[in-house]
Asks: 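What follows is a structure written as structure tokens; I'll ask about it next.
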Protein chains: 2
Amino acid sequence: MARLGKAGDLMAQSNPPFMSGVPELLLLRLLNDQEMYGYELVRSIKQATDEAITLGEGVIYPVLHGLERNGSLKAKRKAVGGRTRVYYSLTRKGRDRLEKLRSDWHRIQSGITSALGAPANA
Amino acid sequence: MARLGKAGDLMAQSNPPFMSGVPELLLLRLLNDQEMYGYELVRSIKQATDEAITLGEGVIYPVLHGLERNGSLKAKRKAVGGRTRVYYSLTRKGRDRLEKLRSDWHRIQSGITSALGAPANA
DNA sequence: TGATATACCTTTTAGTTCGAGGTATGATGG
DNA sequence: CCATCATACCTCGAACTAAAAGGTATATCA
């Protein structure tokens, strides 16, 4: 049963770090509401997370490209003014991926909350 | 103003990844209740997080050593049966570090929760 | 005697994120 | 008119973390 890593590529050996996939999750979540372009996403993520998380372009663009390559996103080029923007939107596969990442996140988030709670020596 | 990385070492350049420090947080949280040894912590973390997070010895021991080196933990060797266990407990500095990591975690956790919530296009 | 569990530890490998750099256009202002 | 800044794309190298496997040694149990 093929595993996934590196934003969706097939991989052979090692599991990804237990808490990666958050950048991907945030991207997919925002793109699920409306199509957006990379440069815009950089600011949107900062804003949507109340400044808690800032992801630079060096993170955003590679993830975007990976997700497009594996069919989770589709890209549409638009000329605006003299510049070109690349708008991304979710495919069906992208929506599935979003749900999976969301549930992964809930699981680890709950686990940590649980560990941070009351002493174990009950 | 010196920054910290790699579980407390002084460092010169790059910020740590935005969501690292969780292993360290979990360790410190458990050790705040009672002293424990490395091998025990591996199982305790799995259990305390409801199987959501499993950290191997290759993660635990280096973090432990780093925290001891920088004065967040103190170690005490105990012979039990024919084996030697190294028990760790928090110092004052370790408790401070725990509070800092806890608040960092809350911040990013809240940020993500916020981003995953209602659409931004209000 | 051999396998399994405990208990310590390190090294290698893989993967992610950070930061800085590189190109190009449009707007702003001295 | 020229410089600078903001937009908009992109990539690469360095730094750091976590995963996995390997290494040593003792105790227990079949």
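Just so it is clear, the model here is predicted, and its values are computed rather than measured. Naming convention: chains lettered A, B, ... in sequence-line order (proteins, then strands); numbering from 1 in each chain.
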Asks: From CE of A/Met19 over to P of D/dA18, roughly how many Å is that when rounded to an integer?
Replies: 8 Å

Asks: A/Asn15 has an atom CG; how far is it from atom P of C/dT16, in whole Å?
Replies: 11 Å

Asks: Expressed in angstrom and rounded to an integer, what is the separation of B/Lys78 atom NZ from D/dT26 atom C1'?
Replies: 19 Å

Asks: Go through the structure and list residues passing side-chain contact (heavy atoms from CB on, under 4.5 Å) with A/His65, not counting sequence neighbours.
Replies: A/Tyr61, A/Tyr88

Asks: Base, backbone or nothing for each nucleotide of nucleotides 2-9 of chain C, written B, S, -, heavy atoms under 4.0 angstrom, 5' to 3'?
Replies: ----BBBB

Asks: Figure out the CG/P separation between A/Leu27 and C/dT16, and round it to whole Å.
Replies: 14 Å

Asks: In whole Å, I'd like the distance from the CD1 atom of B/Ile60 to the C1' atom of C/dT10.
Replies: 15 Å

Asks: Run the side-chain contact (heavy atoms from CB on, under 4.5 Å) test against A/Pro23 and tell me which residues pass, sequence neighbours left out.
Replies: A/Leu55, A/Val59, B/Phe18

Asks: Which residues satisfy the salt bridge (charged side-chain N to carboxylate O under 4.0 Å, His left out) test with B/Glu35, sequence neighbours excluded?
Replies: B/Lys76, B/Lys78

Asks: What pairs with A/Arg77 under salt bridge (charged side-chain N to carboxylate O under 4.0 Å, His left out), at least two apart in sequence or on another chain?
Replies: none

Asks: Using whole Å, what does the distance between atom P of nucleotide D/dA19 and atom CG of B/Leu55 come to?
Replies: 6 Å

Asks: Kindly write out the residues that satisfy side-chain hydrogen bond (donor to acceptor under 3.5 Å, both in side chains) with A/Ser89, not counting sequence neighbours, or none if the list is empty.
Replies: A/Lys74

